[in-house]
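What follows is a short report on a single structure.
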2 protein chains.
Amino acid sequence: MPPQRRKFTREEPESRRADLIAATLDLMAEAGPAETTVRAIAEAAGLSQGMIRHHFSSKEDLINAAYRAHMASQLEGSERAVAGTTARARLARFVTASLTPPVVDPRALSLWAAFLHMVRRDPAMRATHEENYLAYRDRLEALIAAAFAETGRKAGKAELRRLAIACNAVIDGLWLEGGALPDAFGPGEIETIGRASVAALLDLPLADEETP
Amino acid sequence: MPPQRRKFTREEPESRRADLIAATLDLMAEAGPAETTVRAIAEAAGLSQGMIRHHFSSKEDLINAAYRAHMASQLEGSERAVAGTTARARLARFVTASLTPPVVDPRALSLWAAFLHMVRRDPAMRATHEENYLAYRDRLEALIAAAFAETGRKAGKAELRRLAIACNAVIDGLWLEGGALPDAFGPGEIETIGRASVAALLDLPLADEETP
DNA sequence: CGATGAATTATACGAATGTATATTTGACCG
DNA sequence: CGGTCAAATATACATTCGTATAATTCATCG
C-alpha cells in the first residue's frame, strides 16, 4: 500500500494566485503579520506550502501582490456610488461611502497596520501607497471645489488645500476609530457624524443622502 | 590565554529594564516588529541577549512593559501645558499639544501600528489601550463642555458626545497623516488646521495660543 | 581582603520559518 | 488511449527565533 498523497485538481495559475492572495489578507487581518507564515497561508488556502513559491517568486512577492489587491479594493469602495445630481450630493455620498463597510472595518484597519512597516521599507509598496493616498485626497478636494462652485462660494487655492486636509483628517479619524472600536458607535453614527463634520468644516449644508 | 569575555559594569535592575524598554521601542518604531528580536534588542541596548529573560520573564513581558511606557509618555504629551486662563484657551492648547511632536511623530505612528495586533490579542494590553483612549476622549469632552459653559452655550449630552467624537476624529486624522507623511505639511500647519477645524466643528472661536 | 551572590556573558537546544529540490499526479492532445 | 508537461504534493535544508542552562565577573560586606 503506497503512502497516500492528497488528491487535488488542477486550476488556472491566476485562480491559485487569487486564492493565495485572499488567504494572505485573511491571515494578515485576523491573525497578524507574525502568524502569516507560508505554511499558514497555504493551509488557509487549502493547498500545500510549495504553492507559494510555485506561483510567486517569494513570500515577499506574495505580500506585495496582496497589498496591491487590498488597496485597489479600498479605493473602489470609496469611489462606489459617488453619482449624484448636485456636487453637494456627490460630496455627501463620497463621505458616506468612505465611512461605510467595507472601507470602515476592523479588518481594513488591521491590514493597514500590518502593512505599514512593509510600506515604509519597500519602495514598490511605498509608491503604491502614496499614489492611492494622494488620489483620494485630490478626489476629495475636487469634490469640495465643485460644491463650492455650485453654491457660488469662492475659495483660494490655499484655503481649499486646508479644507481638504481637514475633511480628509476627520474622515481618516472616524475610519480609524470605527475600525478600532466598532462597538463604540451606534449603527450609522459614524457616517452621520462624518457628513455633519464635513458640513461644519466647510460651512456648507450637505443634503441628506438621496435614495438611489 | 583564556578566551576574552566582554567587560561590563553592574547596574540597578531598574536601570537595565529601562534600557531594554528604550531599545525595544526604538527597534519597534524604526525596524518594525519582525526585526524586533531578543538578539537585536540586546544589541541595541549594548547588552548580551541573556538580559531579556534575566530582567523580564519573557519577551512578551518586555513588549508589554514597553507598550505601557510608550502609552504613558503619549498621554503625558497631550496633557502637557494645558493650563490657561479661559476654558477656550485650555482647549486650544490641548489641541495644539496633541498635534505637536512628540505626539505627532512618524515614530509614534509606527509604534501604534506595531502594537495594534498585540493589543487586539493580549487582554492586558487591550485594557491598557482602552483605558488611555477613553481617558483622552473624556478629557476632550470635558474641555469642550467647559468652553461651552464659559460662553453660555448649551449643549445636550448627545450633542456633546457627537462633537467630542468629531473633534477627536479630526485630531486623530491629523495625527495619522502627520505621522505618515511628515514632509507633506509645512511647519505648524497641522496644529493650525487642527485648531481651526475644532473651532469650525464647535462653531466656537478659539483664541490663538497665548505665549506662556 | 577574601567570601558571597546577584548581575552578566556565553553557549546550547528545540521549534519554526523561508527556501530548495525531488517526486507524483491530473488534464489536455495527437 | 498513451504521452507529455505543468500543476501540485512531499520532504529536506540552512537559518533564525525564543528559551534554557552553564560559566564568569563585578560589587558589596564582614
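Keep in mind that the numbers below use all heavy atoms, side chains included, and drop hydrogens, waters and symmetry copies. Since the structure is predicted, the reported quantities are computational estimates derived from the model, not experimental observations.
Donor-acceptor pairing under 3.5 Å is lacking for the side chains of Arg53(B) and Ser58(B).
The side-chain hydrogen bond (donor to acceptor under 3.5 Å, both in side chains) test applied to Ser110(A) returns His117(B), Arg120(B), not counting sequence neighbours. For Ala40(B), the side-chain contact (heavy atoms from CB on, under 4.5 Å) test picks out Leu27(B), Thr37(B), with sequence neighbours left out. Shown here are the side-chain contact (heavy atoms from CB on, under 4.5 Å) partners of Gln49(A), two or more places apart in sequence or in another chain: Val38(A), Arg39(A), Ala42(A). Residues meeting the salt bridge (charged side-chain N to carboxylate O under 4.0 Å, His left out) test with Arg10(B), sequence neighbours left out: none. Residues meeting the side-chain hydrogen bond (donor to acceptor under 3.5 Å, both in side chains) test with Thr36(A), sequence neighbours left out: none. In this structure Asp19(A) satisfies the side-chain hydrogen bond (donor to acceptor under 3.5 Å, both in side chains) test with no other residue, sequence neighbours excluded. Considering only residues two or more places apart in sequence or on other chains, Asp26(A) meets the side-chain hydrogen bond (donor to acceptor under 3.5 Å, both in side chains) condition with Arg107(A).
Protein atom CD of Glu60(B) is 12 Å distant from nucleotide atom P of dG18(D), rounded to whole Å. Counting to the nearest Å, the P atom of dA10(C) and the CZ atom of Arg53(B) are 19 Å from each other.
Contacts between residues 61-70 of chain A and DNA chain D, defined by a heavy-atom separation under 4.0 Å, are absent. A heavy atom closer than 4.0 Å to some atom of DNA chain C occurs in Thr37(A), Val38(A), Arg39(A), these being the qualifying members of residues 17-42 of chain A.
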Donor-acceptor list for residues 137-147 of chain A side chains, cut-off 3.5 Å, not counting sequence neighbours:
unit_1: Arg139(A); atom_1: NE; unit_2: Glu79(A); atom_2: OE1; d: 2.9
unit_1: Arg139(A); atom_1: NE; unit_2: Glu79(A); atom_2: OE2; d: 2.7
unit_1: Arg139(A); atom_1: NH2; unit_2: Glu79(A); atom_2: OE1; d: 3.3

Acceptor/donor pairs from residues 157-170 of chain B side chains to any protein atom, 3.5 angstrom cut, sequence neighbours excluded:
unit_1: Arg161(B); atom_1: NE; unit_2: Glu189(A); atom_2: OE2; d: 3.0
unit_1: Arg161(B); atom_1: NH2; unit_2: Ala184(A); atom_2: O; d: 3.1
unit_1: Arg161(B); atom_1: NH2; unit_2: Glu189(A); atom_2: OE1; d: 2.9
unit_1: Arg161(B); atom_1: NH2; unit_2: Glu189(A); atom_2: OE2; d: 3.1
unit_1: Asn168(B); atom_1: ND2; unit_2: Tyr133(B); atom_2: OH; d: 3.3

In 5'-to-3' order, the base (B), backbone-only (S) or no-contact (-) status of each nucleotide in nucleotides 3-9 of chain D, using a 4.0 angstrom heavy-atom cut-off, is ---BBSB
